[in-house]
Each structure stands twice: as C-alpha cells, then as structure tokens.
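First the proteins, then the strands, lettered A, B, ... as listed; each starts at 1.
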Amino acid sequence: MTATPSTRPSHFIHEIIDEDLRTNRNGAGTQVATRFPPEPNGYLHIGHAKSICLNFGTARKYNGRCHLRMDDTNPTKEEQEYIDSIKQDVRWLGFDWGAHEYHASDYFEQLYQWALLFIKAGKAYVCDLTPEEVSKSRGSLTSPGKESPFRGRSVAENLDLFERMHKGEFPDGSHTLRAKIDMAHPNLNLRDPVMYRILHADHPRTGGKWCIYPMYDYAHGQSDWLEGITHSICTLEFEDHKPLYDWYIDQIASFGAAPPGIAYRPRQYEFARLNVTHMMMSKRKLLQLVQDKAVRGWDDPRMPTIAGIRRRGFTPESLRDFADRIGVAKRENTIEIELLEHCLREDLNKRAPRAMAVLRPLKVVIENYPQGQIEELDAVNNPEDPSAGTRKVPFGREIYIEQEDFAQVPPPKYFRLSPGKEVRLRWGYLITCTGVTKDPATGAIQELRCTYDPATRGGNAPDGRKVKATIHWVAAAQAVDAQVRLYDHLFTKDDPNDVPEGADWRSNINPKSLEVLTGCKVEPSLAAPTHANSASSRWTDGIARYQFERQGYFCVDAESTSDRLVFNRTVTLRDTWAKLAAKSD
RNA sequence: UGGCCCGUAGUUCAACUGGUAGAACGCCUGACUCUGGAUCAGGAGGUUCCAGGUUCGAGCCCUGGCGGGCCAGCCA
C-alpha cells in the first residue's frame, strides 16, 4: 500500500491498518479502501454518523478511498426516498465518495453466477422446508441442528430447481438456496445458512428483474471483494458472521472464480456502535415514532437522525469533532449527551453571530426617554470573532425584556431587574425599575416602568458604578414577531429502552420535548436576509444559525418564511444560574 | 449445557506493547467579564472485575472464576 500513517494510530483499527501497510499484506501499492454500506430502509442516525466518519475518515487519513454502497438486498423494506436521504446526509456531513457509488444490487448477476458454482461444487442445495421447519431444524444455542431432508439432492436437480426459482415458478417462501456447511456447528450462522430466498417484489433499482434475492451474508463479503475493499468495518453484532463472510470468499477462491484483477481479499473488523444518553438508536423504533406521529417526521428536530439533527441546527463540523472524541473500540458504550452538546457549543460559540431575541416578552416603558425618539446602537456581532463586525440595533421608549429577567420579589443572589434595581441593557443604557403595572383583576404583571440614565449610552456609567446584570431586549416598535421552538430530550431516561417489566419503551417519551413559543420578539436584523448576521457562507449547509444572547443557539427552521419567522433552539447556553436555581428547589 | 466478543475515574477513551495509571466531557472551588455565556486557574474522583501464577517488576502475559453484550429471520 502506498500511504504511510502520519500520526500514531488513534484506535485498534488504525493499528491494524498500520500493520497491514508495514507488512504489505494486500500487496505493495494497494490503496486502503473502506466502504459505508447502509441499508436504505430508513433514515441515517447519529450512530451511522460515527460509522461514516470512521470509514471516510480512515480513507482520508490513509490517502485511500471510501465507497458508498447501498446494501439493497431486501426490496420489501427498501425505498428510493431512503436512498436519496442517505446520500444527502453523507454529503452534509462533509464526505465525498466521488465516483464510488455502488449498490449490492449491482452484483446480483455476479452473485447468481457464483451461486451456480456453489451448486456445481456440491456446496449449496435447494431446500423446500418452510420457514418454520427451517427454524425448528436449526437446533438451539446448546444443541445441534438437524440436516434438511433436501440436503442430498443431486447437482442436476439443484441446478434445475434453482433455475426455476430464478424464473419465478415458485411462490415466496417455498424454496431457498442454502449453503451446505455444518448443521452441528456451534456458530449458528454456519448451520446451512440461506443464500437466496424468493421474493416477488419490485426492487427500487432492478425493478421486476429478479424474484430471488441474496441474503446479507451471501452478498456483503463478495460486494466488498468485487470493489477491492481492504478493510470492511462493521459493528459488533456481525462478529458471529465473520466466519461465514470468510467462508463464501474462500469457497469462491477455491472454485477459481475470484474477481479478476484483485490480488487480495477483504477482511472484516468490528467496532462498538454508538449509543447516546436520551437517544433512541433503533432504526425500527425510530420508524415507529414516525409512523405513530409521535414526532413530525424523520427530520423532526428531536430525532437523532442526521436529518433531524441538521434541522435542529447542529453543524457537520461539530459532529465530526464528536466522532473524533468518542473514539473507536470494541466495548459497549453509551456516550453522555453532554459531550455532544459540548462539541456543538464549542463550534457555535466561535462561529454563530449574536442577536437579541425576547422569547417571553414583558413590555418596559422608559418614562424619561423622549417620545418618538429612536436611536441606532452599535452591537458587536460576535465577541469571539472580531471579524464578524458590528451591527446597528434600534432603541426606543418602549422595549421588551424577558419575563424571567424581572422579579417582583428577587430570590437570594438574583441580580437582574426588580423594583428599585438597576440593570444594563446589552449595548444600551442602564435602566432602573421604578414601577410595575398589574392587571387589577388577576394581579398579573402587565408592564414595567423604568427610567434610563442618558449618560450610560453603550452601557458604561461615567461615575464608574458597577451593574452586575446585563439583560437582552428588543425595541418594541421595530421588533419582529417570531415563533420559537424549544426542544428537550425526546426520552426522559438516559436509556430510552429502560422500562419496567412489561412496559413499552414509548412510556419513556418525554411529553415536554417540544414547546412552541409564539409572539416572540426578535431584533429586526433577523428578518433581513441580507444582514451580516445571516451570512450563510459562514455555514457549509446554508442554514442560518445565531446565538440569541444569554439563551442559546438557534437556527432558522426549514418552515420559516420572510413573513413568518420560525427558529429552532439547537442547544441552550451553559447556564450556571439555572443550575443553581434548580439545586435550591 | 454452546460459540464469539468485551471488563481501566461518573462517562468515553489513553497508557510508546512488561517499568508502578493519564486526557476529554461531567462534577466542585475560585478568578475574570457589558451574555449568570465564553475564558482562565485549581480540586475531588481508580482495589485497572476477582483470585491465583510467571517475572526484579503485571492494567498489559498465563490459568481459573465472576460480570456484561451478541447469536436460534427466508432482516441487515
């Protein structure tokens, strides 16, 4: 192989590759080749992102290549919609398979020809057992299976039957082609595994051409081989399949039917899949959430799907960073969601322009501010990035502040606004609360009366007096209405599957995972797509992201329009006050 | 009474292949601050699953236990 590792291996798979390179295991000059092989039966989730980063990242590191291969051997579950979403998601993550887009279905003819060789070599037979009978005769974990009564059929009979399966003469489930291995093998995968089953179903790519389809085990290794994959990286549950993966390849080699031009064979390595606290990683259960309408779709921002995470506002950069940090190993693991959020905040903090948005507005009238006067105040777009520049924000006599930034009776250590107290308006003036207007009927606070100190424009008092709190605000006259969607974990428990005996996993769904806020007041720059803040070139996917000061990171939702702004809260800011407040409860 | 894989801080990974355990996240203190953000400084936290063995020396090697995961689809 050509490339040499530039850094020390970061995990056992790279150690293996380094060793392979050192020993020229696959022949000098052979390029490292990996593949990402999703089955298009659902949307990709963050667990797949780990695999994508591993496979494409490995190819990148070793100056090799990574193929995108749809593992489309079961037309009853696979759909074009999923194929399209998978490609979009991989690209969004920042990876490029170039011309190397393949499908297991590309190899159906070759696989079929090889199957004939297995039959001719007496290594495969057509079995007429029903699925129930096969299951029964397979034996158990601790006892051997029984041989199929059809195991002894002649080559000629097998050839004839398989050909008739191929031609569509038999109904689904009536026959299978099975490998003849060992019904007493301690590894159940080797007890005469099914190679082909009959499925009269249209395939997204091959249409009605086939009615027999290869099983995963019979297709995967050979697909790797045909593509010249050197390192076939998969998850732990396939460990038991490796002997079969190797067996098929070894047999074909012994038939003298190896793919032409490939002097080496692929090898499978397994790593532990990703789990994240509060996240459901079962594709089947995610499908159920979508079908049950427990979420709005595969791209619901609460979903752990890449589409959902993207819509939520996560950046591909932060996901790649996350993938780097969690490592690759063979032990079962569950990553705390806090690490993911840390990676996200670290990226967003550096890149997201700041803006002011009041989520739960409380009107403030500044009594000594001239009626009708409007000022344009200078606001820094990103204190972490001087190159982001500044913008003007309008200020007037009436503004909105956050309801929770005022307390009639301040709790201990509360240093925001309360009667008689002074706070700083971000980029604006110091104001002091002089009165509260309440609804005479309910006693609810309606608005605040305040005075401002004209000498504190920009936020500094000439007399040097200290003001502990700075709060965000939006001028009432120029405020733009927006809808803001707040998200929380979709599952209340760390482990969504952790339910009492007999209970359903759905009982762990967080009933408060979505809160929709309407009538939010945001600064006018957020409505102007040309404003420096929305500089979409800042983001590789063109999704505008902001930090709403003191609250968190938000992005413009896909449903947002110029006259109906919608924002998603991607993640909150770290909030030590909230933590303190929660503790004192 | 099966086969395969895995056991190192709360979590996820390291430990230059046998030389006396370290990082990140999380947690706790403090400093600073026009975001109760960010940043900075410090701290707590380990019987390396257990027991034997080999060795001058074991997280690493050997043996035996214990614990966990996966496997009995014509799913992948």
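Spacing of C1' atoms, B:G43 relative to B:G36, comes out at 22 Å, to the nearest Å. Nucleotides B:G59 and B:C32 have their C1' atoms positioned 41 Å apart, rounded to a whole Å.
Separating the CG atom of A:Leu244 from the P atom of B:C75 is a distance of 15 Å, rounded to the nearest angstrom. One atom, CZ of A:Arg191, and another, P of B:G73, lie 11 Å apart when rounded to the nearest Å. For the pair A:Asp405 CG and B:U35 C1', the computed distance is 11 Å after rounding to whole Å. Residue A:Tyr218 contributes atom OH, which lies 17 Å from atom P of B:C75 at whole-angstrom precision. Distance, A:Asp217 CG to B:C74 P: 11 Å, rounded to whole Å.
Side chain A:Gln547 to base B:U35: a donor-acceptor pair is found below 3.5 Å. Side-chain N/O atoms of A:Arg354 and base N/O atoms of B:U35 include a donor-acceptor pair closer than 3.5 Å. Evaluation of atom-type donor-acceptor distances gives no pair under 3.5 Å for the side chain of A:His11 against the base of B:A14.
Side chains of A:Tyr82 and A:Glu39: no donor on one and acceptor on the other come within 3.5 Å.
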Report all interatomic pairs (protein N or O, nucleotide N or O of nucleotides 41-43 of chain B) with separations under 3.5 Å.
none

Would you list the protein and nucleotides 66-70 of chain B atom pairs, both N or O, that sit under 3.5 Å from each other?
| residue | atom | partner | partner atom | Å |
| --- | --- | --- | --- | --- |
| B:G69 | O2' | A:Glu332 | OE2 | 2.8 |
| B:C70 | O2 | A:Asp240 | OD2 | 3.4 |

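A salt bridge links A:Arg153 and A:Asp128; the closest N-O separation between the charged side-chain nitrogens and carboxylate oxygens is under 4.0 Å. By the 4.0 Å N-to-carboxylate-O rule, A:Glu422 lies close enough to A:Arg465 to be salt-bridged with it.
Residues meeting the side chain to side chain donor-acceptor pair (under 3.5 Å) test with A:Thr277, sequence neighbours left out: none.
In this structure, OH on A:Tyr245 lies 12.0 Å from CZ on A:Phe238, to the nearest 0.5 angstrom. With values rounded to the nearest 0.5 angstrom, A:Arg550 atom CZ is found 14.0 Å from A:Arg354 atom CZ.
Sorted by first and then second residue, the pairs that involve residues 327-338 of chain A and meet salt bridge (charged side-chain N to carboxylate O under 4.0 Å, His left out), not counting sequence neighbours, are A:Glu239-A:Lys330, A:Glu270-A:Lys330.
The listed nucleotides are B:G73, B:G36, B:U17; the one nearest the side chain of A:Glu15 is B:U17.
Helical stems involving RNA chain B, defined as 3 or more consecutive Watson-Crick or G-U pairs under 3.5 Å, span B:2-7 with B:66-71, B:10-13 with B:22-25, B:27-31 with B:39-43, B:49-53 with B:61-65.
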Nucleotide by nucleotide, nucleotides 23-31 of chain B touches protein heavy atoms under 4.0 Å in the pattern (B base, S sugar-phosphate only, - none) -SBSSS---
Evaluate the criterion ring pair (Phe, Tyr, Trp, His ring centres under 6.0 Å) for residue pair A:Trp427 and A:Phe395; output intermediate values, then yes/no.
CA-CA 10 Å; A:Trp427 313 122; A:Phe395 180 78; over 10 Å; no
